[in-house]
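Below is one structure, written out as structure tokens, with a few remarks after it.
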Amino acid sequence: MITPATPEAIANAASLIGAGKLVAFPTETVYGLGADATNPDAVAKVFSAKARPSCNPLIVHVASWEMADAVADISGDLRALCEAVWPGPLTVVAPRRPDADIAQDATAGLTTIAVRWPAHPVAQALIEASGTPIVAPSANRSGHVSATRAEHVEADLGDAVAMILATPNDTPACEVGVESTIVAQAENGHLVILRTGAINAALIVQITGRPPGERGDVISATPSAPGQLESHYAPKAAVRLNVTSPEAGDALLAFGSSVPVTGGPIRNLSQTGDLDEAAANLYRDLRELDLSGAKTISVMPIPAIGIGIAINDRLRRAAAPR
Ligand code: TXA
Ligand code: MG
């Protein structure tokens, strides 16, 4: 099931995609659960494997401007941002081209489409070998902690996936560790961040010369994007945030060099207080603490700067009432 991403394995994976099967693959953010975006039956399999509500549209992954422009009308500041960042951890929501060869259910019937050109070489090779855009939600059960290792995908989705591509030992799977930043364009031309990630507001200012607008500016502000509001990224254990004195026996998700003792299991996102390292470790550490069977995972305060904003966003949803 888990197959190292050799050139032969990628060719096989592309044949599976062509045959309407599901293939999980690493990206620089999190693992994706991939299917041929043009094939309605394959897209339906993605929704059922994840138990994902059909109202929650998928991101279409491309590996060239040609592919992106065939499905979406990306213009103005949004295009400038893509030109600066792609390939990379950025998804843009743009008008869907009326003649886009993309299954209707992939975009949940919306007039917009979410497009991303990932940087990970395995993701790019798979899309190129498949010769088709690939829909790929995070490769976890809907609402559960995202997957950043091949083993996480196997644990969550098992037999629903025809193949899980693993990176060769010397290349990291998901270096960023949190999902792509999602950016839309408001009627007034301003860019709006719908989901935080590695690409942040400061970069948007640098590229467009103006700060991002408010969510409310985006009229179609979307399918009230699940994963944007309610409980999401949730482990089995309860999650408590900004804990400085954990209860005895709590599992502890620590950050930095001074860590309280709980008697329970501890994972440290980054002993040196490096937020990039913390993001890369976030989902693995959450999953490992959850496997310990602890009732509560206490999370130490994590600075909300840089990618720390995205880390805090994901943890807030992980802690939200279920
Ligand atoms: O980093 C990522 O983006 C990963 C990797 C695999 O590429 N993918 C990912 O997909 O996070 P997913 O399905 O877990 O999250 C996609 C988010 C959902 O919150 C969905 O509602 C939103 O994108 N979305 C998709 N199409 C949209 C649209 N037209 N308008 C607004 N939001 C949209
Ligand atoms: Mg997800």
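Start at 1 and go down the list; that is how both ligands and their atoms are numbered.
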Practice prompt. In sequence, state the C-alpha distance, the side-chain angles, and the governing distance for Ser146 and Arg314, and then conclude on side-chain hydrogen bond (donor to acceptor under 3.5 Å, both in side chains).
Written response: CA-CA 10 Å; Ser146 303; Arg314 304 307 191 270; over 6 Å; no
Discussion item. Looking only at side-chain N and O atoms, does Thr107 offer a donor or acceptor that is under 3.5 Å from a partner on Arg96?
Written reply: yes
Discussion item. Taking distance alone, with N or O pairs closer than 3.5 Å, would you say Arg195 contacts ligand 1?
Written reply: yes
Discussion item. With heavy-atom distances below 4.0 Å as the criterion, list the atoms of ligand 1 near Gly32.
Written reply: 6 (C)
Worksheet item: What atoms in ligand 1 come closer than 4.0 Å to a heavy atom of Ser138?
Response: 8 (N), 9 (C), 10 (O), 12 (P), 14 (O)
Item to complete: Could you establish whether Arg96 and ligand 1 come within less than 4.0 Å of each other, counting only heavy atoms on the residue side?
Response: no
Worksheet item: With a 4.0 Å heavy-atom cut-off (strictly under), which part of Glu28 contacts ligand 1: side chain, backbone, both or neither?
Response: neither
Discussion item. Using every non-hydrogen atom in the two residues, find where Val71 and Ile113 come nearest and quote the distance to one decimal.
Written reply: O-CG2, 3.8 Å
Worksheet item: Within a reach of under 6.0 Å around CG of Asp99, are more than 12 heavy atoms found that belong to other residues, nucleotides or ligands?
Response: yes
Item to complete: Determine the interplanar angle of the His61 and Phe25 rings, folded into 0 to 90°, and report it as parallel if under 30°, tilted if 30 to 60°, perpendicular if over 60°.
Response: perpendicular
Discussion item. Would Arg79 and Trp65 count as a cation-pi pair here, with the cationic atom under 6.0 angstrom from the ring centre and within 45° of the axis?
Written reply: yes
Worksheet item: Do any nitrogen or oxygen atoms of Arg52 lie less than 3.5 angstrom from nitrogen or oxygen atoms of ligand 1?
Response: yes
Worksheet entry | Numbered atoms of ligand 1 (with element) below 4.0 Å of Val93, judged on heavy atoms | 28 (C), 29 (N), 30 (N), 31 (C)
Worksheet item: For the Mg ion (ligand 2), how many protein N, O or S atoms come closer than 2.8 Å?
Response: 1
Item to complete: Indicate whether the side chain of Thr91 and that of Ser180 have a donor and an acceptor atom separated by less than 3.5 Å.
Response: yes
Worksheet item: Do we see a donor-acceptor contact under 3.5 Å between the side chains of Thr132 and Ser130?
Response: no
Worksheet item: Does a sphere of radius 6.0 Å around CD in Gln271 hold more than 12 heavy atoms from other residues, nucleotides or ligands, not counting ones at 6.0 Å or beyond?
Response: no
Worksheet item: If we ignore angles and hydrogens, is there a donor and acceptor under 3.5 Å between the side chains of Asn140 and Ser138?
Response: yes
Practice prompt. Using a strict 4.0 Å cut-off to heavy atoms of Ala114, name the atoms of ligand 1 that fall inside it.
Written response: 25 (C), 26 (N), 27 (C)
Discussion item. Please report whether ligand 1 has a polar contact with Tyr31, defined as an N or O pair separated by less than 3.5 Å (distance criterion only).
Written reply: no
Practice prompt. Check whether any N or O atom of Thr112, backbone or side chain, sits under 3.5 Å from an N or O atom of ligand 1, and answer yes or no.
Written response: yes
Worksheet item: Regarding Thr148 and Arg287, is there a side-chain donor-to-acceptor distance under 3.5 Å anywhere?
Response: no
Worksheet item: What residue among Glu179, Glu288, Arg149 forms side chain to side chain donor-acceptor pair (under 3.5 Å) with Tyr283?
Response: Glu179
Discussion item. Given 3.5 Å as the limit, does a donor-acceptor pair link the side chain of Arg284 with the main chain of His152, or not?
Written reply: no
Practice prompt. Could you pull out, from Pro57, Pro26, Cys174, the option with a heavy atom nearest to atom 24 (N) of ligand 1?
Written response: Pro57
Discussion item. Out of all atoms in ligand 1, which are within 4.0 Å of some heavy atom of Ala136? Include the element for each.
Written reply: 6 (C), 8 (N), 10 (O)
Discussion item. Against ligand 1, does Thr107 come closer than 4.0 Å with any heavy atom?
Written reply: no
Worksheet item: Under a 4.0 Å heavy-atom limit, does Asn56 contact ligand 1 with its side chain, its backbone, both, or neither?
Response: side chain
Practice prompt. Go through ligand 1 atom by atom and flag the ones less than 4.0 Å from a non-hydrogen atom of Ser180.
Written response: 1 (O), 2 (C), 3 (O)
Fill in: Per-atom contacts of ligand 1 with Pro137, taking only distances under 4.0 Å to non-hydrogen atoms
10 (O), 12 (P), 13 (O)
Worksheet item: Would you say Asp105 has more than 12 foreign heavy atoms packed within less than 6.0 Å of its CG?
Response: no
Response to the item:
The answer for which part of Ile182 has a heavy atom under 4.0 Å from ligand 1 is side chain
